[in-house]
Structure formats: structure tokens, C-alpha cells
Peer 1: 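Here it is, the structure in full.
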There are 2 protein chains.
Amino acid sequence: MKSKIIETSISLFGQRGFKETSIQDIVDQLGLTKGTFYYYFKNKEEVLVQIHERFIDDLLEQQNHIMESTLTEKEKMHELVTMMIRNIRTSVNSAMIFFREMRHLNEEKLSYVRKKRDLFQKNIEKLVQNGIDREEFRKDLRADMISYFILGMANWSYFWYEPGGEVSEGQLADIYTALLLQGLEKKG
Amino acid sequence: MKSKIIETSISLFGQRGFKETSIQDIVDQLGLTKGTFYYYFKNKEEVLVQIHERFIDDLLEQQNHIMESTLTEKEKMHELVTMMIRNIRTSVNSAMIFFREMRHLNEEKLSYVRKKRDLFQKNIEKLVQNGIDREEFRKDLRADMISYFILGMANWSYFWYEPGGEVSEGQLADIYTALLLQGLEKKG
């Protein structure tokens with residue numbers, strides 16, 4: 001039941017917004033009473049916290065799996081971009097909530113979620129730096145700035161890309177990675 | 001006075017959110033009465049509409065200026081990325097409102113603003129296609145997908161980049177354009 005409440009909240013917060021969704025809206029959708037909601041959660045904010053934590057924990061786990069593999073840095077980059085784009089199909093509403101509603105978390109939770117979000121960025125920076133150190137990428141790159149470049153191009157696809165359309169997730173990831181890797185490679 | 005009300009609303013909507021800001025908050029900040037507000041605007045939504053229109057009209061005007069110049073396509077790309085990043089300093093709150101609060105516009109206004117937003121994307125697509133046709137860029141690029149790649153990497157910087165820090169706007173634009181152009185170029 002707890003995870004059903006979270007799933008329904010993800011879809012309502014994602015479509016209408018956190019402020020615009022009441023606990024009544026959530027329980028109505030599930031045919032529950034408010035009592036059941038309060039058995040599992042103190043308030044609406046607690047659901048929001050868990051949505052944020054699940055979203056970023058899941059991404060970090062998938063990212064770790066790639067980082068710890070024995071692939072080359074170029075291959076890891078391809079896997080990472082593919083993973084981020086594939087997640088749109090399953091997590092577009094969670095992502096919208098993550099990008100848009102973080103300011104509704106309290107200070108303590110906000111700082112916790114931000115740390116994990118920053119870790120996701122730092123891992124990409126490390127991947128770029130490893131690629132430079134192993135001479136797969138150019139020497140003159142700024143790994144920190146490039147990590148935001150990669151986050152931007154991949155995260156932005158949550159706002160416009162429709163899975164199941166003319167271009168598949170795999171194709172989009174291939175197009176993006178090809179452009180990115182040629183940009184990162186040593187010339188000549 | 002009208003433009004002061006808009007400026008104050010941009011800062012309040014941007015920091016707190018549209019739903020979270022009342023007309024009372026706006027007039028309090030300016031030391032006005034609600035009567036003055038209603039002399040210029042029917043309601044809070046009308047301010048939101050004008051913020052959206054000003055933001056996208058201004059971007060389109062700057063983009064047009066670049067598109068119609070006599071620069072090469074590569075140079076235009078550099079100018080475009082620089083322009084988008086330079087706008088962070090003056091328009092970060094407007095951009096946050098544009099990315100986050102569009103769903104609070106009514107159907108008619110939403111469709112009007114979306115058309116202009118789509119035009120901004122189509123112009124980038126055209127720039128990439130011109131670069132392909134003039135053999136400045138590789139033949140095998142999909143101009144439509146690449147336009148979203150560019151929008152993503154530039155727009156994402158509104159979420160993390162702090163003007164006035166260690167990396168200047170010009171430097172960030174140069175780093176991003178160098179990576180992008182090497183990715184778009186013909187090899188060899």
C-alpha cells in the first residue's frame with residue numbers, strides 16, 4: 001500500500017504539481033481514506049522526500065554499476081548517456097518532481113538530497129577526468145564544466161523526448177554519445 | 001510602474017514560485033495598494049503571461065540578429081551559445097519561471113508561448129542544417145536531435161551556473177562551443 005501511495009503521488013505531483021495536489025486527491029485516486037494515508041506518512045512532505053530519495057538513489061545505483069565495470073571510459077560514457085535516456089520511460093514524472101519541487105523540502109532533507117545529486121555530478125566529472133588521464137579524451141578539457149554539459153544534454157531530454165516515437169531511446173543515446181565523444185576525443 | 005510590477009513579480013515568482021506568491025506579496029514589496037496592481041493587470045496570470053512573452057521575445061530577437069548576420073555557421077553557433085549563457089546574469093529568474101511555471105498559463109496563452117519556444121528550437125535546427133549543407137558540419141548529423149542537444153546543454157546552465165564566479169560567461173561559452181563544434185565537425 002505504501003508504494004501504491006508513492007506511485008500515485010508521483011503521477012499526481014508530476015502532472016499537476018506538488019502544491020496543487022492534496023492528500024485528498026491522492027487517497028481519492030486509490031479509493032482509500034485519509035486514515036490509511038496517515039498510517040504510512042506523517043504528511044505530504046514526507047511522500048515528497050521519499051520520491052526524491054528513490055529517484056536519486058536509483059540513478060546513483062545504476063551509475064555505480066557503470067563506473068565499477070571494466071569498460072573503457074568511452075564505453076562507460078555511452079552506457080551512462082544510454083542509462084539516463086532510458087530512465088525517461090520509467091521515471092519522467094519522478095524527474096519532473098526532482099527538477100521542479102525540490103524547493104518544497106525542508107532544510108535538512110534538501111541538504112541530504114542535494115548531496116546525492118552533487119555526487120551524481122561528481123561521478124560524471126570523475127569519468128571525464130579518468131578519460132583524460134587514460135588519454136582517451138583530450139588533455140585540455142575541464143572535467144567539471146564538461147560534467148554539467150553532459151548532465152544538461154541528457155537531463156533536458158526529460159522535457160521534450162517522447163519514448164516510443166520515431167527515434168528510439170537507444171538511437172537518441174547513440175546520436176548524443178557520438179557527438180559528445182567526437183567532441184571529447186583527441187584530434188588527428 | 002507597470003514594468004516595476006513585472007520586475008518584482010519576476011523576482012518573487014522566480015524565488016518562491018508562482019502559486020506561492022500572492023498579489024499582496026507583490027504590492028507589499030513595492031509599497032503599492034492592490035488598486036494600483038489592478039489598474040495595470042486583470043490578475044496574477046496576466047503578469048505571468050507577460051513574463052513569458054518578454055522572455056521568449058527577447059531571446060528570439062537576439063537569435064534573429066545572429067541568424068541574419070554574415071558569420072559562418074560555426075561562428076553563429078558560438079554566438080548563439082554565448083548569448084544563451086550571457087542571458088543567465090540578466091534573466092535567471094525569468095528563465096526559472098519559463099521552465100517551471102508554463103503550466104499555469106491558460107490554453108490559448110500556452111499555445112502562443114509554445115509556438116515561440118518551438119520557433120527558437122527550429123532556428124537552432126536550421127543553423128545546424130545550414131552548417132551541414134555548407135559542409136561546415138558532418139553530413140550524418142540529425143539536425144533536429146542536435147538542436148535539442150544544444151538547447152539542453154545551454155539551458156541547463158541556468159540551474160547551476162553562477163555568473164561572477166571563477167569561470168566567466170565568455171569562458172563557459174568557449175568551453176561549451178569548443179566541445180560542441182569539434183563534435184559537429186567533419187573528421188580528418
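Treat the numbers as computed from the prediction; the structure is a model and nothing was measured. Each chain gets a letter, A, B and so on, in the order the sequences are listed, and its residues count up from 1.
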Peer 1: Less than 6.0 Å separating the ring centroids of B:Trp156 and A:Phe99?
Peer 2: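 Yes, ring centres under 6.0 Å apart.
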
Peer 1: Under a 4.5 Å heavy-atom cut-off, does chain B meet the side chain of A:Gln171, its backbone, both or neither?
Peer 2: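 Contact with chain B: none, neither part.
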
Peer 1: Non-hydrogen atoms of chain B under 4.5 Å away: do they reach the side chain of A:Ile150, the backbone, both or neither?
Peer 2: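 Nothing of A:Ile150, per the 4.5 Å heavy-atom cut-off to chain B.
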
Peer 1: Check whether B:Ile175 gets within reach of chain A through its side chain, its backbone, both or neither, counting any heavy atom under 4.5 Å.
Peer 2: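 Contact with chain A: side chain only.
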
Peer 1: Please state whether the side chain, the backbone, both or neither of B:Arg142 comes within less than 4.5 Å of a heavy atom of chain A.
Peer 2: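 The answer is the side chain of B:Arg142.
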
Peer 1: With the side chain counted from C-beta on, respond yes when B:Glu101 and B:Ile51 share a heavy-atom pair under 4.5 Å apart, and no when they do not.
Peer 2: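 No. Closest side-chain heavy atoms not under 4.5 Å.
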
Peer 1: Can you tell me which of B:Phe159, B:Tyr161, B:Phe149 forms the most heavy-atom pairs within a distance under 4.5 Å of chain A?
Peer 2: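 Result: the option with the highest number of such pairs is B:Phe149.
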
Peer 1: Would the number of heavy atoms belonging to other residues, nucleotides or ligands and lying under 6.0 Å from CD of B:Glu162 be above 12?
Peer 2: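 No - once you tally the heavy atoms of other residues, nucleotides and ligands closer than 6.0 Å, there are 12 at most.
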
Peer 1: Based on non-hydrogen pairs under 4.5 Å, which of B:Lys19, B:Met96, B:Arg16, B:Arg103 is most in contact with chain A?
Peer 2: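 Among the listed options, the one with the most contacts to chain A is B:Arg103.
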
Peer 1: Check whether B:Leu181 gets within reach of chain A through its side chain, its backbone, both or neither, counting any heavy atom under 4.5 Å.
Peer 2: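 For B:Leu181, there is no contact with chain A at all, as no heavy atom is under 4.5 Å.
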
Peer 1: For side-chain hydrogen bond (donor to acceptor under 3.5 Å, both in side chains), just list the numbers for B:Lys116 and B:Tyr112, CA-CA rounded to whole Å, side-chain angles, deciding distance to a tenth of an Å, and then say yes or no.
Peer 2: CA-CA 7 Å; B:Lys116 294 198 163 186; B:Tyr112 178 82; 3.1 Å; yes

Peer 1: Let me confirm one number: the CD1-CD distance from B:Ile146 to B:Glu125, rounded to the nearest 0.5 Å.
Peer 2: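 It is 10.5 Å, given to the nearest 0.5 Å.
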
Peer 1: Heavy-atom cut-off 4.5 Å, strictly under: side chain, backbone, both or neither for B:Glu185 against chain A?
Peer 2: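 Both parts, backbone and side chain.
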
Peer 1: Using a distance-only test with no angle check, is there a side-chain donor-acceptor pair under 3.5 angstrom linking A:Asn87 and A:Gln62?
Peer 2: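 Yes, A:Gln62 and A:Asn87 have a side-chain donor paired with an acceptor closer than 3.5 Å.
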
